[in-house]
Amino acid sequence: MTDLAAVGLVAPVFTSSAFVPQVWRTWKSRDVSGISLPTYLLITVGLALWLLYGILKGDLPLMVANAVMIVLTGAITVMKIVFEQRPAP
C-alpha cells in the first residue's frame with residue numbers, strides 16, 4: 001500500500017466519525033427537529049454518486065469512505081423520516 005492510499009483510507013475515518021455523534025444522539029433522543037431532510041437527502045445521493053465513481057475507477061479509499069458515509073447519513077435520513085412521524089415522548 002502506498003502512502004497516498006494510506007492517507008486515502010485514514011482520512012475518511014475522521015470525516016466519517018464526525019457523523020457518529022449525530023447518529024447516536026438522534027437515535028437516543030428521537031429528536032429530529034434540527035435536522036434538514038433535504039440536506040441529508042442531497043448528501044446521501046451525492047455520496048452514492050461518489051461511491052459509484054470510486055467503484056468505476058477502482059479506487060478503494062473512495063469506495064470505503066463513501067460506503068461508510070452512506071450508512072451514516074442514510075441512518076440519519078431514515079430516522080428523520082421515521083421519527084417525524086412518531087414524535088419523541
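Please read all numbers here as calculations on a predicted model, not as lab measurements. When a residue number appears, it is its place in the shown sequence, counting from 1.
- Alongside V13, the hydrophobic cluster contains no other residue (criterion: ILVMFWY side chains under 4.5 Å).
- Each salt bridge (Lys or Arg N to Asp or Glu O under 4.0 Å) pair with one or both residues in residues 66-75, not counting sequence neighbours, would appear here, but there are none.
- If you chain together hydrophobic residues whose side chains sit under 4.5 Å apart, I43 and V82 fall into the same group.
- Within a 6.0 Å radius of CG in L56, other residues, nucleotides and ligands contribute more than 12 heavy atoms.
- Contacts of S36 classified as side chain to side chain contact (heavy atoms under 4.5 Å, CB included), with partners at least two apart in sequence or in another chain: P38, T39.
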What pairs of donor and acceptor atoms, side-chain ones from residues 19-27 against any protein atom, are under 3.5 angstrom apart with sequence neighbours left out?
unit_1, atom_1, unit_2, atom_2, d
Q22, NE2, T26, OG1, 3.0
T26, OG1, Q22, O, 2.7

Expected list for residues 61-80: side-chain donor-acceptor pairs under 3.5 angstrom, two or more places apart:
unit_1, atom_1, unit_2, atom_2, d
N66, ND2, L62, O, 2.8
T73, OG1, T44, OG1, 3.0
T73, OG1, M69, O, 2.9
T77, OG1, T73, O, 2.8
K80, NZ, V32, O, 2.9
K80, NZ, I35, O, 2.8
K80, NZ, E84, OE2, 2.8

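- Evaluation of the ring-ring contact (aromatic ring centres under 6.0 Å, His included) test over residues 39-59, restricted to residues two or more places apart or in two chains, returns W50-Y53.
- Under a 4.5 Å side-chain heavy-atom cut-off, the cluster of Ile, Leu, Val, Met, Phe, Trp and Tyr residues that includes V10 is completed by F14.
- Applying the side chain to side chain contact (heavy atoms under 4.5 Å, CB included) criterion to S33, with sequence neighbours excluded, gives D31.
- Take T15 and apply the side chain to side chain contact (heavy atoms under 4.5 Å, CB included) test, not counting sequence neighbours, and it matches P12.
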